Amino acid sequence: MVCVVGVRFKKAGKIYYFDPDGHKVAPGTGVIVETARGTEYGEVVVGPKLVPEGDIVQPLKQVLRAATSDDKRQVEENQKKARRAFDIGLAKIASHNLPMKLVDVEYTFDNSKVVFYFTAEGRVDFRELVRDLASVFRTRIELRQIGVRDEAKMLGGMGPCGRALCCASFLGDFEPVSIRMAKEQNLSLNPTKISGICGRLMCCLKYESCPRKASRDDLPAPGVRVVTPIGTGKVLSVDPETVSVTVRFDDGQRASLPAAEVEPESEATE
């Protein structure tokens, strides 16, 4: 077994696991860790725990130390510099007349690199822009193209439900979402109804997909002939939420009945 702690570098970012290396760090503690792009500041969100060695992606990076007040001031200063760099980046993109939208700018903790996040319809030749930015900031420059879902996660906002975007508030990773999930929940297939502000299918379609699918498997499928206390007919739709079935009877009438009162016609006649 290996002892690890989970560290997050952004509010709703992915959780990465590190070797605490003997440091006593509890959830909510700021830490300085070694990463692939140098030393970084993060916050512990998963306290020390033992996990099987086979579940760890080696090599496991280490926690260098608990963050000090000076480290936190450094992070705040980097955020101020990033805001100034954002304005400069906008001006440079406009001067080079590039078809790209600047979304965010980030300084690494040790100031060894400035990362510019942007969206664009296709590939963009930004080599001249990188050289221009490097001459201004006198450090390594990285331009990283991101998708519209990542853009929404970075910028945040309000969803159609009236709450803060899931991706910007607590979702660490994006999970695949399909139109089939909307169909299984009997939702409108109107794109404006089931799409988030990023223009993609809403992440929340995933939340009830598995529970609904499990309960749906216990209900008769639409189109199956059934026998009920009222009479025989054909299943029009099922509602896993209320565990009910809508039936159109042979006389043309319709009714919604509890699933317990509905039995497939083939089983009832055996």
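Quantities reported herein were computed from a predicted structural model and do not represent experimental measurements.
- Rounded to the nearest 0.5 Å, atoms CE (Met1) and CD (Glu53) are 10.5 Å apart.
- Checked by atom type and distance alone, the side chain of Thr29 pairs as donor or acceptor with a backbone atom of Ala26 at under 3.5 Å.
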### Message
Does Lys206 form a side-chain contact (heavy atoms from CB on, under 4.5 Å) with Met181? I'd like the steps, not just the answer.
### Response
CA-CA 7 Å; Lys206 178 77 173 179; Met181 296 176 182; 3.6 Å; yes
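- For the atom pair CG (Asp19) and SG (Cys3), the distance works out to 7.5 Å, reported to the nearest 0.5 Å.
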- [ ] Could you please spell out the steps behind the side-chain contact (heavy atoms from CB on, under 4.5 Å) verdict for Thr35 and Phe9?
- [x] CA-CA 11 Å; Thr35 71; Phe9 299 100; 3.9 Å; yes
Please step through side-chain contact (heavy atoms from CB on, under 4.5 Å) for the pair Val130 and Ile141, ending with a clear verdict. CA-CA 6 Å; Val130 170; Ile141 301 295; 4.2 Å; yes
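- Considering only residues two or more places apart in sequence or on other chains, Ser237 meets the side chain to side chain contact (heavy atoms under 4.5 Å, CB included) condition with Thr246.
- Taking the six-membered ring where the residue is Trp, Phe118 and Phe126 present perpendicular rings, their angle passing 60° and hence far from 30°.
- Contact detail for Ser195 and Pro191: the closest heavy-atom pair is OG-O, 2.6 Å.
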Name each donor-acceptor pair under 3.5 Å that joins a side chain in residues 167-179 to protein atoms two or more places apart or in another chain, with its distance.
{"unit_1": "Ser169", "atom_1": "OG", "unit_2": "Leu165", "atom_2": "O", "d": "2.8"}
{"unit_1": "Ser169", "atom_1": "OG", "unit_2": "Cys166", "atom_2": "O", "d": "3.4"}

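- Atoms NE2 and CZ, from His96 and Arg131 in turn, are 9.5 Å apart once rounded to the nearest 0.5 Å.
- For the residue pair Thr119 and Gly147, the shortest heavy atom distance occurs at CG2-O, 4.2 Å.
- Side-chain atoms of Arg8 come within 3.5 Å of backbone atoms of Gly13 as a donor-acceptor pair (strictly under, hydrogens ignored).
- Membership of an apolar cluster is not assigned to Leu236, as no side-chain contact below 4.5 Å to another ILVMFWY residue is traced.
- One hydrophobic cluster holds both Phe137 and Leu90 under the rule that ILVMFWY side chains link at heavy-atom gaps under 4.5 Å.
- Hydrophobic clustering (side-chain heavy atoms under 4.5 Å, transitive across Ile, Leu, Val, Met, Phe, Trp, Tyr) groups Ile93 together with Val124.
- In this structure, Phe109 shares a hydrophobic cluster with Ile32, Tyr41, Leu64, Val75, the cluster being traced through Ile, Leu, Val, Met, Phe, Trp and Tyr side chains under 4.5 angstrom apart.
- Note on Val7: it does not cluster hydrophobically with Val51, by side-chain heavy-atom contacts below 4.5 Å among ILVMFWY residues.
- For the pair Leu129 and Leu98, the tightest heavy-atom approach, listed with the atom from each and the gap, is CD2-CD1, 3.7 Å.
- Put simply, the side chain of Thr108 gets close to the backbone of Ser112: a donor and an acceptor are under 3.5 Å apart.
- With hydrophobic clusters built from ILVMFWY side chains whose heavy atoms lie under 4.5 angstrom apart, Val243 shares a cluster with Val235.
- Taking Tyr17 as the reference, Val4, Ile15, Val46, Lys49 meet the side chain to side chain contact (heavy atoms under 4.5 Å, CB included) condition, with sequence neighbours excluded.
- Counting only heavy atoms from C-beta outward, the side chains of Arg200 and Val148 approach each other to under 4.5 Å.
- A continuous path of Ile, Leu, Val, Met, Phe, Trp and Tyr side chains, each step under 4.5 Å between heavy atoms, connects Leu143 with Phe86, placing both in one hydrophobic cluster.
- Side-chain atoms of Lys92 and Ile88, non-hydrogen and from C-beta on, do get closer than 4.5 Å to each other.
- For residues 65-82, every residue pair satisfying the side chain to side chain donor-acceptor pair (under 3.5 Å) rule, not counting sequence neighbours, is listed here: Arg65-Asp71, Thr68-Asp71, Asp70-Arg73, Gln74-Asn78, Asn78-Asn111, Lys81-Asn111.
- The shortest heavy-atom contact between Gly89 and Phe116 is CA-CE2, 4.1 Å.
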Side chains of residues 219-233: which donor-acceptor pairs under 3.5 Å do they make with residues two or more places apart or in other chains?
{"unit_1": "Arg225", "atom_1": "NE", "unit_2": "Glu265", "atom_2": "OE1", "d": "3.1"}
{"unit_1": "Arg225", "atom_1": "NH1", "unit_2": "Asp250", "atom_2": "OD1", "d": "3.3"}
{"unit_1": "Arg225", "atom_1": "NH2", "unit_2": "Asp250", "atom_2": "OD1", "d": "3.1"}
{"unit_1": "Arg225", "atom_1": "NH2", "unit_2": "Asp250", "atom_2": "OD2", "d": "3.1"}
{"unit_1": "Thr228", "atom_1": "OG1", "unit_2": "Ile230", "atom_2": "N", "d": "3.1"}
{"unit_1": "Thr228", "atom_1": "OG1", "unit_2": "Gly231", "atom_2": "N", "d": "3.1"}
{"unit_1": "Thr228", "atom_1": "OG1", "unit_2": "Gly231", "atom_2": "O", "d": "2.8"}
{"unit_1": "Thr232", "atom_1": "OG1", "unit_2": "Asp250", "atom_2": "OD2", "d": "2.6"}

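- Contacts of Lys193 classified as side chain to side chain contact (heavy atoms under 4.5 Å, CB included), with partners at least two apart in sequence or in another chain: Ser188, Asn190.
- The CG atom of Leu201 lies 5.0 Å from the CD1 atom of Ile194; values are rounded to the nearest 0.5 Å.
- Across every non-hydrogen atom of Pro160 and Met202, the tightest pair is CG-SD, 3.7 Å.
- Screening residues 137-148 for side chain to side chain donor-acceptor pair (under 3.5 Å) gives Lys113-Glu142, Glu142-Arg144 as the qualifying pairs, with residues at least two apart or on separate chains.
- Every residue meeting the side chain to side chain contact (heavy atoms under 4.5 Å, CB included) condition with Met154, not counting sequence neighbours, appears here in chain and number order: Lys10, Val103, Asp104, Tyr117, Ile146.
- Considering only residues two or more places apart in sequence or on other chains, Asp21 meets the side chain to side chain donor-acceptor pair (under 3.5 Å) condition with none of them.
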inquiry  = Is there a side-chain contact (heavy atoms from CB on, under 4.5 Å) between Val114 and Glu106? Walk through the geometry before answering.
reply    = CA-CA 6 Å; Val114 186; Glu106 177 187 13; over 6 Å; no
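- Identified under the salt bridge (Lys or Arg N to Asp or Glu O under 4.0 Å) test for residues 145-161, with sequence neighbours left out: Lys101-Glu151.
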